[in-house]
Amino acid sequence: QTPLDVAVLLDGLSEEALSQPAEDGGWAIRNIVSHLRDAQGVIGSRIDLFLNEENPVLESKAVFAWARDENERPPLTREIFAAYHASRQEMIAKLEALPFADWWRTGRHQEFGVVSIKQQVSYFASHELTHLPQIKRLVKQS
């Protein structure tokens, strides 16, 4: 649902508005969308690890640091969003095809210890929800 909610928030905003930093010097909407795309990439690759390996090692990733890195992203925020949304749709298709018992497949996270697919999907879904109010505040600012 989150990509659909984000799409509504982005609707009608110019690239200039999407790239405007927060008044407090924090992230612009563009940075948040990049962060969501990067986090989606992490959970997508973790799902693949869970499905292709027994008890995989899940490395910690610096997704917050990546949000300001302009070297690895398309020039337009909507292109970043499109990559995020497409990756999400691909992951959802995999999860919908997953046998129920496989939701409890486990891996070893460097910080959090033993975690399951179910826990990782829940964590990333709730993480995304924390960024929706942030985007809403920035939309009002623009």
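Side-chain atoms are counted along with the backbone in the values below, which use heavy atoms only and exclude waters and symmetry mates.
Legend: residues meeting side chain to side chain contact (heavy atoms under 4.5 Å, CB included) with Gln119, ordered by chain and number and at least two apart, are Val115, Ser116. With sequence neighbours left out, the ring-ring contact (aromatic ring centres under 6.0 Å, His included) criterion links Tyr123 to no other residue. Under the rule for a side-chain hydrogen bond (donor to acceptor under 3.5 Å, both in side chains), the partners of Gln120 that lie at least two apart in sequence or sit in another chain are Arg46. Remark: Glu54 engages Arg105 in a side-chain hydrogen bond (donor to acceptor under 3.5 Å, both in side chains) (not counting sequence neighbours). Legend: residues meeting side chain to side chain contact (heavy atoms under 4.5 Å, CB included) with Ala125, ordered by chain and number and at least two apart, are absent. The side chain to side chain contact (heavy atoms under 4.5 Å, CB included) check on Leu95 picks up Ile47, Met91, Leu98, Trp103, Ile117, Val121, with sequence neighbours excluded. Every residue meeting the side-chain hydrogen bond (donor to acceptor under 3.5 Å, both in side chains) condition with Gln134, not counting sequence neighbours, appears here in chain and number order: His131. Remark: Ser87 engages Gln40 in a side chain to side chain contact (heavy atoms under 4.5 Å, CB included) (not counting sequence neighbours). Here Asp5 pairs with Gln1 under the side-chain hydrogen bond (donor to acceptor under 3.5 Å, both in side chains) rule; sequence neighbours left out. With sequence neighbours excluded, no residue satisfies ring-ring contact (aromatic ring centres under 6.0 Å, His included) with Phe124.
Applying the salt bridge (charged side-chain N to carboxylate O under 4.0 Å, His left out) test to pairs two or more places apart or on separate chains, none has a residue in residues 116-125. Here salt bridge (charged side-chain N to carboxylate O under 4.0 Å, His left out) pairs that include residues 93-104, with residues two or more places apart or in two chains, are Asp48-Lys94, Glu90-Lys94.
We find the OG1-CD1 distance between Thr130 and Ile32 to be 9.5 Å, quoted to the nearest 0.5 Å. For the atom pair Glu128 CD and Arg88 CZ, the distance stands at 4.0 Å (nearest 0.5 Å). Distance check: Leu138 CG to Leu18 CG gives 10.0 Å after rounding to the nearest 0.5 Å. Atom CD of Glu23 is separated from atom CD of Gln141 by 4.0 Å, given to the nearest 0.5 angstrom. For the atom pair Leu10 CG and Arg30 CZ, the distance stands at 12.0 Å (nearest 0.5 Å). To the nearest 0.5 angstrom, Ile29 atom CD1 is 12.0 Å from Ser34 atom OG.
Between the Asn31 side chain and the Ala28 main chain, a donor and an acceptor come within less than 3.5 Å of each other. In this structure a side-chain-to-backbone donor-acceptor pair under 3.5 Å is missing from Ser19 to Glu16. Between the side chain of Arg37 and the backbone N or O of Ala83 there is no donor-acceptor pair closer than 3.5 Å.
Here the closest non-hydrogen pair linking Leu13 and Ser142 is CD2-OG, 3.7 Å. Closest non-hydrogen pair, Phe50 versus Leu58, comes out as CZ-CD1, 3.6 Å.
The cluster map of Ile, Leu, Val, Met, Phe, Trp and Tyr, joined by side-chain heavy atoms under 4.5 Å apart, puts Leu51 and Val114 in different clusters. Residue Val6 is not grouped with residue Ile92 when hydrophobic side chains (ILVMFWY) are merged at heavy-atom distances under 4.5 angstrom, including chains of intermediate members.
Leu76 places none of its side-chain heavy atoms less than 4.5 Å from the side chain of Ile80. The closest side-chain heavy-atom distance from Val8 to Asp11 is not below 4.5 Å.
Between Phe81 and Tyr84, the two ring planes are perpendicular [angle over 60°; tilted spans 30° to 60°].
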